[in-house]
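Here the structure is laid out as structure tokens; the discussion comes afterwards.
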Amino acid sequence: MDWIQEFLPLSVERINVWIGALCTFAIYSILYRENPFYRFFEHMYIGLAAGYALGPYLVDVIYRYWWEPIRADGIWWLAFVVPFGMYLYFIYNEKYGWVSRLVIGSLIGAYAGLTFQAFSSRYLPQLQGALSKVLWYPPNATGEIYLSTLINNWIFVIILLSVLTYFTFSFEHRGAVKRTALVGRWFLMIGLGTIFGNTVMARMALLIGRVYYLLDSWLMIRVGGG
Amino acid sequence: MGSYQHAQDNWFAAFMIGFIALAVLINIWRARAGRELYIRRIPGLDAIDEAIGRSTELGRPVTMIPGLTAFGVEAVQALTIFKYITKQIARFATPMRLLTANATVYAVAQEAIADAYNEAGRPDLYDPDSVRFLSSEQFAFASGVAGLLQRERVAANFMFGIFFAESLIFAETGNIVGAVQIAGTVSITQVPFFVAACDYTIIGDEFYATSAYISREPVLLGSMVGQDLAKIAFGSLILGGAVLSTVLGADHPIIQLLGKPGGWEPFMEWIRLKLGGG
Amino acid sequence: MEQRTLWSRMMSIDRRILYLILAVNIVASLMARVAIEPDVPPAVRNFYETIEALQPGDMVMVSSTWSAGTLAENQPQFEAVLRHLMRKRLRFTIISFSPPARDISHRLARRLTSEAGYVEGKDWAHFGYSPDIILAIKGMSEDIAQAIRQDVRRAPIQQLEVMQGIKSLKDYKLVVDITPSDTLTAWISYRPANLNIIYCPTSVMAAEAYTFLDSKQILGMITGAKGAYEYEQLLGIVGLGTRFINAIQFSHVLIITFILLGNFAMFMQRRTQA
Amino acid sequence: MFDTTQATWAAFWIIGAFVLFFALIPLLQTLPPRGRYMLIAVFTFISGLFFAAEFFLPVNEEGKNILTDPFQRLQGSLQVITALSLGLGTYGLIRLHLRNAVQRRPQWGYSLVLLIAFVTMAFFSVWNTLAEKELLGVQRTPLLERAFTLLFDYTLIQLDATMFSLIAFYIFSAAYRAFRIRSIEASILMFTAMVVMIGIVPLGKFISDSMGLPTTLTDEMRTNPFMLENILYNLRLPQIANWILNALNAPVQRAIEFGIGIGALAMAIRLWLSLERGIN
């Protein structure tokens, strides 16, 4: 009977947990079929998520990076930043909508300009990592090189080149190139298979987390862990 | 391995970026000047044509889904492909549905599909109701699409654009009603599910190549050819580099020069030594 | 009228029955008390060793961008990582690049740190929410006080005790990226040259990161809740990962069984039709 | 605490800036379409040039060039513009549902639910962040604590987590009803997925252990690749799964990365120079 006493929503804390469980069941009701109950909670969810973001936007960004520097540090030119940014909000207006493209253009330009550093830092070390794979016992090796390392290096280079071949488009794939590209697509399937397996695991974990909440917090059943 | 703060960390980066930028820009310029640039016909297009053929035999409708793709480069390219499909099926008067989750994509799609019927010489077949905006919420959109696929028992289902987890629901429903399904996406995490549930999947860069092939748009074609040159350069560097690493050792200054942050200095040092010593 | 064979009936099973099977499987395997030891993969071992190699007082940046949507994957990682950092007596700061991640990580960190006797502002700090990860990393690489200005409690960065001797990201020893979205590539691309990264992705993003492990752009990785379990084993603690692992592996068995079953049913149905 | 003269000056600057920028719009409006397009292209190009030059220009011993410090000062204001662009999504959403509710469109009740949830949460979220920083004299009260905990921890988080967990059901159903081993490529994909799914969980180790395969790698096995124990050891499911992930999957992902990287660079150049058609 103690369990019933504790289980029922008789304290603030328990009411909260029950509301959490209600939200969970409301969303899961779509698995049975589309219904107004689900629609209600779906719209509530979207509204809450949008409303929540306002706090961090206003205080962590607008206050911290705009109002404070103008007020406390007297950086007056910052005052122009928000009015310029507000041009974005003309986007739905037919007559003045184009001014929002000035801001969007600046943002796109900024990201384009930042791409050069990303290209260098993200891809060139990967290029260097691939082209420094030794294919035979090197003459001046430091440390021991295992046969398995060499085999894996061969595999690495072959797979990388054949998949790259598959993704070329400006010349006709014929003969050996065609076969390489076909093998490339098969190798690609291995990579996609690992993504498949990992994605399934991720999705299951999210569901498990939910069931865990229902069992542990709502029904108060001690769960798992051996 | 470290990272680059500035191009000076290894000028090889500036060289590579310059090479790719030139390859892209020169080819765009060539294409604009009227040169016929070559792009191979990818197998995915044959799969599209086959699916169109089957749906015309059955006489049931064809659906096209750009997923949750927001308006942008991918949406424009997906609509290019949808326009191509519409032109093909217009000749056999097969009905079509295009279902979107984004208001801007919806507006542009309406125009594109009307254009497609005009260009096919069958403006009479265009039904404004065939392009629909269902919902901008992920699962509401997904269940709307699933309902339509089932009600109309579509013969072929084409999914092109950017997809998230909702892709599963489309592919599953399409499979159950026995539709031929072709998907094409740059969202790599969704590709495995498309491969498992569709008849053919156009993967990553192939998506851009498909729309460039169809549209013959000079900027896309030129860029595609330029990117190919960059890929060939990468491939040759990997092949040549691996051989060099094997001969010279993986720590050799030349190998470090080829992309390692901070690889410039040791290389210049090595050159100075070579010149001074020789 | 199509003949209703066993196979065609099996093929057209109501999906709600399938949903029920999955739910029952998960409830049962969560309740089960089977414990199988893991085979800790190199990526997780390296993750652990990287933190172990740090000295007490070293500074670590925890980039925490997950929120409720991926709670089951990222919370076990977050808890285990913070416990490990505090066990090693390391200093750390947290930053979030999505609004809800800010509150989730701040509330969770406050709870975990108070259990371990860590004091906010003295041993750790939270830098709040920053809307653009690239600008934030580039800014912090030069001068944190200028780029962040104040922590979530409005304390100026220069006055925080935890920030003593730390001017920019260059003075940090490590970044731990706990994330369900594409933040890793921003860290790889824009971090200071010699700042190491270890990575806690959701499993969805893990497969794509193996190329970065190979090129040493990240030093270690724990894959979702499953990785958190392996990491918990190395740490010798029982966390959420340990509680979830049975349900994870038995859901895999279930899925594989049903893929095979579905294919078999289709194969048999085709044969009977032909 | 709060210096009023400073705040008055700040407010003065801000009002002035708003007046100036909104007065500018009618002026901008006089531009012909071609001029507008050119202006957008110039904005795009110049902002891109700033970041590109910061990367490419040579640096001094401190690792800085003439643009590094200006970038630092601009960083905060760029964050503000990014936040405003993120807020655009919220603006569009609220605008749409406000219109639904006011014009009593079909299902407008749901729009009303959304709006009420939005306003309530926005109120408590702003209150919460202000109280955290003790701004404008706002204090943390029991009402705030209770309401924010209920709305955030027990409603928003629960709904968010549940929404994402729905996909597990869809994947399971699709696994049974749609994932077909219909071609060579689908077979390769499925086979890899299954080996990985079993190999990376403890069950893989359990199965291999019960088959009696060697559990540890000795030095002798490492140096002698053709030893039977070594071969058997490598046939363990966890070892196979890790080998697939590290040796076969990594190069595939790298090839995909190269495609993405080159494509992103090409697209950046097209966007920077406003060459992309159909977008601008």
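In what follows, chains carry the letters A, B, and so on, assigned in the order in which the sequence lines appear, proteins first and then strands, with residues in each chain numbered from 1.
For CZ of A:Arg179, the number of neighbouring non-hydrogen atoms (other residues, nucleotides, ligands) closer than 6.0 Å is 12 at most. A 6.0 Å sphere centred on CH2 of A:Trp18 holds more than 12 heavy atoms belonging to other residues, nucleotides or ligands.
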>> Does D:Gln79 form a side chain to side chain donor-acceptor pair (under 3.5 Å) with A:Trp66? I'd like the steps, not just the answer.
In response: CA-CA 9 Å; D:Gln79 297 261 17; A:Trp66 190 60; over 6 Å; no
>> Determine whether A:Arg210 and D:Gln158 satisfy the following criterion, side chain to side chain donor-acceptor pair (under 3.5 Å), listing intermediate values before the conclusion.
In response: CA-CA 8 Å; A:Arg210 265 317 51 210; D:Gln158 309 300 330; 2.8 Å; yes
> Does the side chain to side chain donor-acceptor pair (under 3.5 Å) test come out yes or no for D:Tyr154 and A:Glu13, once each step is laid out?
Replying inline: CA-CA 10 Å; D:Tyr154 288 97; A:Glu13 174 65 14; 3.3 Å; yes
>> Determine whether D:Ser165 and A:Tyr28 satisfy the following criterion, side chain to side chain donor-acceptor pair (under 3.5 Å), listing intermediate values before the conclusion.
In response: CA-CA 9 Å; D:Ser165 73; A:Tyr28 282 157; 2.6 Å; yes
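With a 4.5 Å cut-off on non-hydrogen atoms, A:Ser120 touches chain D through its side chain but not through its backbone. Heavy-atom distances place the side chain of A:Ile91, and not its backbone, under 4.5 Å from chain D. Residue contact with chain D, scored on non-hydrogen atoms closer than 4.5 Å, involves the backbone and the side chain of A:Leu102 alike. Using a 4.5 Å cut-off between heavy atoms, A:Leu188 touches chain D through backbone and side chain atoms alike. Both the backbone and the side chain of A:Met44 come within less than 4.5 Å of a heavy atom of chain D. With a 4.5 angstrom heavy-atom cutoff, A:Thr24 touches chain D via backbone and side-chain atoms both.
Contact tally against chain A (heavy-atom pairs below 4.5 Å) for D:Ile171, D:Ile256, D:Asp160, D:Ile184: the top residue is D:Asp160. Listed options D:Ala117, D:Ala41, D:Ala268 were ranked by heavy-atom pairs under 4.5 angstrom with chain A; first place goes to D:Ala117. Ranking D:Phe258, D:Phe164, D:Trp272 against chain A, the residue ahead of the rest is D:Phe258, based on heavy-atom pairs under 4.5 Å. Of all the listed residues (D:Met163, D:Glu132, D:Gln75, D:Arg146), the one sharing the greatest number of non-hydrogen pairs under 4.5 Å with chain A is D:Met163. Ranking D:Ile14, D:Val195, D:Thr90 against chain A, the residue ahead of the rest is D:Ile14, based on heavy-atom pairs under 4.5 Å. Taking chain A as the reference chain and counting heavy-atom pairs below 4.5 Å, the highest number among D:Ser125, D:Gly92, D:Ala11, D:Pro251 is found for D:Pro251.
Ring centers of A:Tyr89 and D:Tyr91: under 6.0 Å apart, within the cut-off. Taking the six-membered ring for Trp and the full ring otherwise, A:Phe40 and D:Tyr110 have centroids separated by 6.0 Å or more. Not less than 6.0 angstrom separates the ring centroid of A:Tyr111 from the ring centroid of D:Phe51.
Summarising the geometry, atom CZ belonging to A:Phe80 is positioned 12.5 Å from atom OG belonging to D:Ser77; distances are rounded to the nearest 0.5 Å. Taking CZ of A:Arg122 as the start and CD1 of D:Ile260 as the end, the distance is 6.0 Å to the nearest 0.5 Å.
Contact record, D:Thr192 with A:Ile190: CG2-O, 3.5 Å, taken as the closest heavy-atom pair.
The aromatic rings of A:Phe116 and D:Phe56 sit tilted, their planes meeting at an angle between 30° and 60°. Ring geometry for D:Phe22 versus A:Phe90: interplanar angle of 30 to 60°, hence tilted.
Contact check for A:Val82 versus D:Phe18: side-chain heavy atoms found under the 4.5 Å cut-off. Using a 4.5 Å cut-off on side-chain heavy atoms (C-beta onward), A:Trp98 and D:Leu28 make contact.
No donor-acceptor contact under 3.5 angstrom links the side chains of D:Thr155 and A:Tyr45, judged on distance only.
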